[in-house]
Amino acid sequence: MSKLTADVSIIYSGIFSQWDSNSDDLPRLLQATVHVPAIIDTEFGFITRIRKAKNQVLTYCIYHPDITDNNGNIRPPFDGEVFIKQNDWRFYLGDCIWAPITNKVGNWRMTLELNGKIIANKTFKVHLPDE
């Protein structure tokens, strides 16, 4: 029996309304862009539509631009796994800006992997608001 190849597309990317991780609702797209001003609580990322991948594990990763923790150590990328619940599924991957904004400036790369292969990849350029 042949295994179906997942069909993946990024349907929205940019700045979004605040995301509630406890809700099934995805955030609303406010502005399609890859240029994100470093303003506290600005939510940005992308929504993908994934078909033909039900019951598989999706791996996500957000590579931050050398953001340090309170001890001055560079934070590792934020990553994890999620179970694909449906044959036609929408998934939001994103982050938001928090204080201080000065160390959030730079490229933020977000990826999704399925079966060890990158299926979605987007880089956002976070900049100071006056740039």
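Worth knowing before you read on, the calculation uses all heavy atoms, side chains too, and leaves out hydrogens, waters and symmetry mates.
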What's the spacing between Ile84 CD1 and Asn55 CG if we round to 0.5 Å?
9.0 Å
Minimum heavy-atom distance Ala99-Ile40, with the two atoms named
CB-CD1, 3.7 Å
How long is the span from the CD1 atom in Ile62 to the NZ atom in Lys122, to the nearest 0.5 Å?
14.5 Å
Quick one: closest heavy-atom pair of Ala38 and Val126, and the distance?
CB-CG1, 3.8 Å
Using links of under 4.5 Å between side-chain heavy atoms of ILVMFWY residues, direct or through other members, which residues join Phe16 in one cluster?
Ile11, Tyr12, Trp19, Leu26, Leu29, Ile47, Tyr92
Would a 4.5 Å heavy-atom cut-off, applied to side chains only, mark Asn107 and Pro65 as touching?
no
According to a hydrophobic-cluster definition based on side-chain heavy atoms being under 4.5 Å apart (Ile, Leu, Val, Met, Phe, Trp, Tyr only), do Tyr63 and Ile118 belong together?
no
Do Thr68 and Asn73 pass the side chain to side chain contact (heavy atoms under 4.5 Å, CB included) test, and can you show the C-alpha distance, the side-chain angles, and the key distance before you say yes or no?
CA-CA 5 Å; Thr68 56; Asn73 300 315; over 6 Å; no
Is Leu30 reachable from Met110 through a run of I, L, V, M, F, W or Y residues, each pair having side-chain heavy atoms under 4.5 Å apart?
no
Taking side chain as C-beta onward, heavy atoms only, is Leu112 less than 4.5 Å from Val8?
no
Please evaluate residues Asp79 and Thr59 with respect to the criterion side chain to side chain contact (heavy atoms under 4.5 Å, CB included), reporting the C-alpha separation (whole Å), side-chain torsions for both, the decisive distance (0.1 Å), and the verdict.
CA-CA 7 Å; Asp79 60 359; Thr59 302; 5.5 Å; no
Using distance alone, with no hydrogens and no angle criterion, decide if Asp41 and Gln18 have a side-chain donor and acceptor under 3.5 Å apart.
no
Under the salt bridge (Lys or Arg N to Asp or Glu O under 4.0 Å) rule, what pairs show up with a residue in residues 87-116, not counting sequence neighbours?
Arg49-Asp88
Check Thr48 against Ala120 and note the closest heavy-atom contact, atom names and distance.
CG2-CB, 4.0 Å
The reported gap from NZ in Lys85 to CZ in Phe91 (rounded to nearest 0.5 angstrom) is 9.5 Å
With Asp7, which residues qualify under side-chain hydrogen bond (donor to acceptor under 3.5 Å, both in side chains), at least two apart?
Arg51
Cluster question for you: counting only ILVMFWY and a side-chain heavy-atom cut-off of under 4.5 Å, with indirect links fine, are Ile119 and Val57 together?
no
Measure the spacing between OG1 of Thr111 and CG of Asn121 and express it to the nearest 0.5 Å.
6.5 Å
Result of checking Leu93, Asn115, Val82 against Leu58 for side chain to side chain contact (heavy atoms under 4.5 Å, CB included):
Val82
Drop me the distance from Glu81's CD to Cys61's SG, to the nearest 0.5 angstrom.
11.5 Å
Among pairs that include at least one residue of residues 56-66, which meet salt bridge (Lys or Arg N to Asp or Glu O under 4.0 Å), considering only residues two or more places apart or in two chains?
none
Phe44: which residues meet the ring pair (Phe, Tyr, Trp, His ring centres under 6.0 Å) condition with it, sequence neighbours left out?
Trp108, Phe124
Mind running side chain to side chain contact (heavy atoms under 4.5 Å, CB included) on Thr5 and Lys52 for me, showing each step along the way?
CA-CA 7 Å; Thr5 302; Lys52 298 188 263 180; 5.9 Å; no
Applying salt bridge (Lys or Arg N to Asp or Glu O under 4.0 Å) as the test, list every pair that has at least one member in residues 8-26; sequence neighbours left out.
none
Where do Pro27 and Ser17 come nearest, in terms of heavy atoms and distance?
CB-O, 3.3 Å
Can you tell me how far apart CG (Asn103) and CD1 (Ile74) are? Round to the nearest 0.5 Å.
10.5 Å
pair Glu43-Ile15: side-chain heavy atoms closer than 4.5 Å:
no
I'd like to check Trp98 versus Ile67 (side-chain heavy atoms, cut-off strictly below 4.5 Å). Are they in contact?
yes
Kindly give the heavy-atom pair with the smallest separation between Ala53 and Asn87, and that separation in Å.
N-OD1, 4.1 Å
Do Ile50 and Ser9 make a side-chain contact, defined as non-hydrogen atoms from C-beta onward lying under 4.5 Å apart?
no
